[in-house]
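Lettering of chains follows the sequences in order, A, B, ..., and the numbering in each one begins at 1.
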Amino acid sequence: MAEDIVDVLIVGAGASGAAVAYSLADTRMRILCLEQGDWMNSSEYPSTKMDWEARQFKEYNIDPNIRSNSADYPINNDESPISVVNFNGVGGSTILYGAHFPRLHPSDFKVKSLDGVADDWPVDYDLLEPYFAHNDRMMGVSGLAGDPAYPPKQPPLPPIPLGLVGETMARGYNQLGWHWWPSDSAIISEAYEGRDKCLNLGPCMSGCAQGAKSSTDINYWPAAIRAGVELKTRCRVREVTLNEQGMANGVIYYDEDGLEQFQRAEVVIMACNGVGTPRILLNSQSNLFPEGIANSTGLVGKNLMFHPVGFVQGLFDEDLQSHKGPQACCILSKQFYETDPQRDFVRGYNMQVSRGAGPVGTALQGYASGNIPWGSKHHAAFKKRFDHVAALAILCEDLPELHNQVTLDPELVDADGIPAPKINYQISENTQKMLKHGLARGEEVMRAAGATEVFSGGPVRPAGWHLLGTARMGNDPKTSVVNNWGRSHDVKNLFIVDGSIFVTAGGLNPTSTIQALSLYIADSIKKNLANLFD
Amino acid sequence: MTNNTVITSDNPLNNTQQKNLIALLDVLIPASDDELMPSAAGLDFIPYLHLHSAETIPILLQLLDHLEPQFCTLSPALRQPIVEQLSNTQAAQFRTIVMQVFACYYQTEAAQKGIGLEAGAPFPRGNDIEAGDLSLLDPVIAGDHGYRKA
Ligand SMILES: Cc1cc2nc3c(=O)[nH]c(=O)nc-3n(C[C@H](O)[C@H](O)[C@H](O)COP(=O)(O)OP(=O)(O)OC[C@H]3O[C@@H](n4cnc5c(N)ncnc54)[C@H](O)[C@@H]3O)c2cc1C
Ligand code: SF4
């Protein structure tokens with residue numbers, strides 16, 4: 001194996017790893033991706049079983065510490081009010097994601113210029129627009145053109161149904177004169193590219209048995225593999241290695257039998273997400289980089305951003321059939337997305353309307369909130385709530401702060417003995433004010449929509465699903481880890497394509513932007529092939 | 001409470017515990033007055049716990065230990081205050097078990113039919129939902145919701 005050199009080695013087969021692999025495939029270079037998890041078997045997903053709700057809580061739990069599959073690594077969240085959630089396997093976290101698929105806004109790339117906080121990105125919306133569009137086609141995105149909150153864009157598929165939840169909430173937004181729009185969703189509303197359309201099952205966040213949710217194991221990966229990319233599963237990378245010239249020359253990994261292997265490579269691309277990538281970089285220590293590879297600034301792992309989440313639920317007299325339809329995708333509102341000097345915080349948040357829970361989820365939430373008791377009043381209370389609840393999430397923009405960070409845990413290790421990531425994170429005062437504002441507005445719109453009872457809360461703890469900022473991009477090598485096309489300032493054949501490179505977080509789900517960046521970086525690599533390391 | 005029968009790995013309960021469990025389940029979720037919803041007494045609760053939450057079986061055993069052997073012989077009206085007391089004195093264990101009972105109950109065919117669902121796995125059956133009236137967007141399009149130029 002030691003003599004077997006590949007041109008490009010990608011670490012991680014999730015959202016960004018798949019996109020970069022697919023795009024680079026047309027160079028006909030020898031491309032290998034190492035992924036610690038395995039291929040998914042969709043016939044095993046919970047929704048194929050009668051006891052799907054219980055299965056969601058165990059082997060498909062969004063929290064890797066609870067799920068504890070062999071592909072998972074532990075994460076120490078003790079010093080964080082928000083815990084990291086993910087999935088490790090071909091497709092990465094897109095296996096469990098909600099597939100709510102908005103793009104960052106043009107203003108998100110310019111927060112320093114517009115609002116005087118954090119930093120501007122070295123790229124902007126216009127530059128990324130063709131990559132957003134390409135990614136929408138590759139993933140299969142449903143939505144409706146014409147949203148005034150964005151520059152013009154045309155999702156390839158019509159929007160997924162609003163359902164009674166969407167219509168009811170839309171009326172509430174209209175009554176208040178607030179913005180709303182059908183969500184862009186990485187779920188196919190019509191048959192597309194050999195995949196069948198969404199069946200409105202509901203439990204998208206434990207894997208889509210229908211293949212309608214656009215996870216990268218069923219779109220990008222088959223295309224990349226057909227084009228010649230090699231994907232090896234159950235291979236966990238421990239560190240990126242350096243040669244004497246200070247260039248990356250491969251990775252050390254553990255294969256499926258737990259045996260240590262060395263894979264040589266001309267170019268290494270990290271795609272392990274905003275926690276997995278800094279973990280491996282920090283663990284890649286050498287004389288040249290005693291604090292971890294590509295970390296001369298000390299910024300690797302720092303500036304972790306999550307999007308703290310608040311939830312608002314409304315109870316309606318009408319039967320909204322709310323357990324039906326894609327859980328996380330319905331309509332959204334950008335009414336409070338931008339900075340308003342009248343408010344006591346900068347930046348803003350997205351309101352993401354979602355659908356109600358299944359029967360078990362309804363019963364458990366109702367019991368936890370004291371609304372569905374045991375005993376003789378149980379049935380009436382359950383009936384009042386099941387299918388009668390609409391929900392919305394307040395997704396707050398988190399600004400980069402050095403003290404919010406991923407480090408290596410001094411004691412906790414994974415099954416191969418690699419140090420686990422440790423999260424140190426605090427919610428800033430700005431975000432707390434934003435969350436409070438969002439919860440109050442969420443309650444307002446629930447009432448306007450006709451809810452008879454409203455509950456809200458947050459920040460939600462197991463909501464660290466957006467992992468951003470821990471190896472930020474920038475033009476200045478003193479204040480950023482990678483340049484404006486994802487190449488490490490320190491190690492010129494090392495690239496990062498996942499959410500680590502975000503400069504700021506925006507206030508919305510990031511995967512569309514992560515993948516657009518990944519395609520853009522692949523394109524930049526292709527354009528610069530002749531002088532890639534200059 | 002002492003065990004008076006052999007405990008197998010599949011069913012860790014003795015006869016009395018088994019009867020008390022059935023009685024307890026019936027208090028937690030009794031049949032509905034209209035009889036559309038069954039009582040939880042009919043649940044295969046122990047096999048369910050084995051499959052989905054084996055770590056809660058010892059908690060259930062502890063809880064059952066707090067019930068007198070004759071609990072199952074009492075009328076429903078007399079069981080109710082005893083369970084209420086149990087919910088106060090053994091609050092954490094009680095909550096854990098109630099949550100498992102709820103989860104088990106709503107995954108049975110009878111309960112799903114009772115709440116008006118077609119019983120069974122969601123896939124490949126699927127659901128129909130309303131496309132929704134997109135003319136509701138007219139005020140949004142007419143309104144002042146343009147994006148912030150950067
Ligand atoms: C429950 C949940 C809901 C979500 N909902 C949404 C949503 O609605 N919309 C949205 O935009 N985003 C959502 N997200 C986030 C979205 O899934 C991520 O933004 C996206 O998948 C990140 O892509 P990535 O390539 O950076 O990382 P991932 O997709 O997480 O992929 C990283 C891959 O790297 C592999 N890896 C890590 N370390 C190693 C190693 N050492 N060696 C080998 N392989 C390694 C992992 O196994 C994994 O497969 C959600 C996430 C979760 C968990
Ligand atoms: S609602 Fe649609 S996308 Fe979600 S799991 Fe069901 S078929 Fe898949």
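By the neighbour-count criterion of 12 heavy atoms within 6.0 Å, atom CD of Gln85(B) is sparsely surrounded, having that number or fewer from other residues, nucleotides or ligands. Residue Lys153(A) qualifies as enclosed at atom NZ: its count of foreign heavy atoms under 6.0 Å is above 12. Atom CD of Glu35(B) is surrounded by 12 or fewer heavy atoms from other residues, nucleotides or ligands within 6.0 Å. Other residues, nucleotides and ligands contribute at most 12 non-hydrogen atoms within 6.0 Å of the CG atom of Asp33(B).
For a residue to count as touching a neighbouring chain, one of its non-hydrogen atoms must lie under 4.5 Å from one of that chain's; by this rule Ala40(B) does not touch chain A. There is no contact between Ile331(A) and chain B, counting heavy-atom distances below 4.5 Å. For Thr339(A), the parts lying near chain B are the backbone and the side chain together; criterion is any non-hydrogen pair under 4.5 Å. In this structure, no portion of Leu36(B) lies under 4.5 Å from any heavy atom of chain A. Neither the backbone nor the side chain of Val101(B) has a heavy atom closer than 4.5 Å to any heavy atom of chain A. Only the side chain of Gln112(B) comes within less than 4.5 Å of a heavy atom of chain A; its backbone N, CA, C and O stay farther away. Residue contact with chain A, scored on non-hydrogen atoms closer than 4.5 Å, is absent for Asp26(B). Interface residue Asp51(A): backbone and side-chain heavy atoms are both found under 4.5 Å from chain B. Contact annotation for Ser87(B): only side-chain heavy atoms (C-beta onward) come within less than 4.5 Å of a heavy atom of chain A. Of the atoms belonging to Gln335(A), it is side-chain heavy atoms, and not backbone ones, that fall under 4.5 Å from chain B.
Formation of a donor-acceptor pair under 3.5 Å by the Asn127(B) side chain with backbone atoms of Lys324(A) is not found in this model. Using modelled atom types, one side-chain atom of Glu167(A) and one backbone atom of Asp133(B) make a donor-acceptor pair closer than 3.5 Å. In this structure a side-chain-to-backbone donor-acceptor pair under 3.5 Å is missing from Glu53(A) to Gln107(B).
For Phe102(B) and Tyr367(A), the gap between ring centers is short of 6.0 Å. The aromatic ring centres of Tyr105(B) and Trp374(A) sit 6.0 Å or more apart.
Once rounded to the nearest 0.5 Å, the distance linking OG of Ser42(A) with CZ of Phe123(B) reads 7.0 Å. With rounding to the nearest 0.5 Å, the separation of CG in Leu51(B) from NZ in Lys58(A) is 8.0 Å.
Arg148(B) has no carboxylate O lying under 4.0 Å from a charged side-chain N of Asp108(A), or vice versa, which leaves the two without a salt bridge.
The greatest number of non-hydrogen atom pairs below 4.5 Å with chain B, out of Gly163(A), Cys198(A), Gly202(A), is found for Gly163(A). Contact count versus chain B (heavy atoms, under 4.5 Å) is highest, among Lys110(A), Lys49(A), Lys383(A), Lys334(A), for Lys49(A). Between chain A and the options Ser53(B), Ala111(B), Ser32(B), heavy-atom pairs under 4.5 Å are most frequent for Ser32(B). Options Trp180(A), Trp181(A), Tyr125(A), Tyr150(A) differ in how many heavy-atom pairs under 4.5 Å they form with chain B, and the most are formed by Trp180(A). Between chain B and the options Pro182(A), Pro373(A), Ala209(A), the largest number of non-hydrogen pairs under 4.5 Å is found for Ala209(A). Annotation: maximal heavy-atom pairing with chain A below 4.5 Å, among Ala31(B), Ala150(B), Ala121(B), occurs at Ala121(B).
Two residues are said to be in side-chain contact when any heavy atoms from C-beta on lie closer than 4.5 Å; Gln321(A) and Glu130(B) fail this criterion. For the pair Leu199(A)/Arg125(B), no side-chain contact is recorded, criterion being any heavy-atom separation below 4.5 Å from C-beta on. In this structure the side chain of Asn200(A) never reaches within 4.5 angstrom of the side chain of Asp128(B), judged on heavy atoms.
Among all heavy-atom pairs drawn from Ser47(A) and Pro122(B), the shortest one is O-CD, 3.1 Å. Summarising the geometry of Lys149(B) relative to Leu114(A), their closest heavy-atom pair is O-CD2, 4.0 Å, with the distance given to 0.1 Å. Closest of all the heavy-atom pairs between Tyr147(B) and Ala149(A) is CB-O, 3.0 Å. The nearest pair of heavy atoms linking Gly325(A) to Ile129(B) is CA-CD1, 3.8 Å. When every heavy atom of Pro159(A) is checked against every heavy atom of Leu134(B), the shortest pair comes out as CG-CD1, 4.4 Å.
The interface of residues 375-382 of chain A with chain B, defined by heavy-atom distances below 4.5 Å, comprises Gly375(A), Ser376(A), His378(A), His379(A), Phe382(A). Scanning residues 137-146 of chain B against chain A with a 4.5 Å non-hydrogen threshold yields Leu137(B), Pro139(B), Val140(B), Ile141(B), His145(B), Gly146(B), sorted by number.
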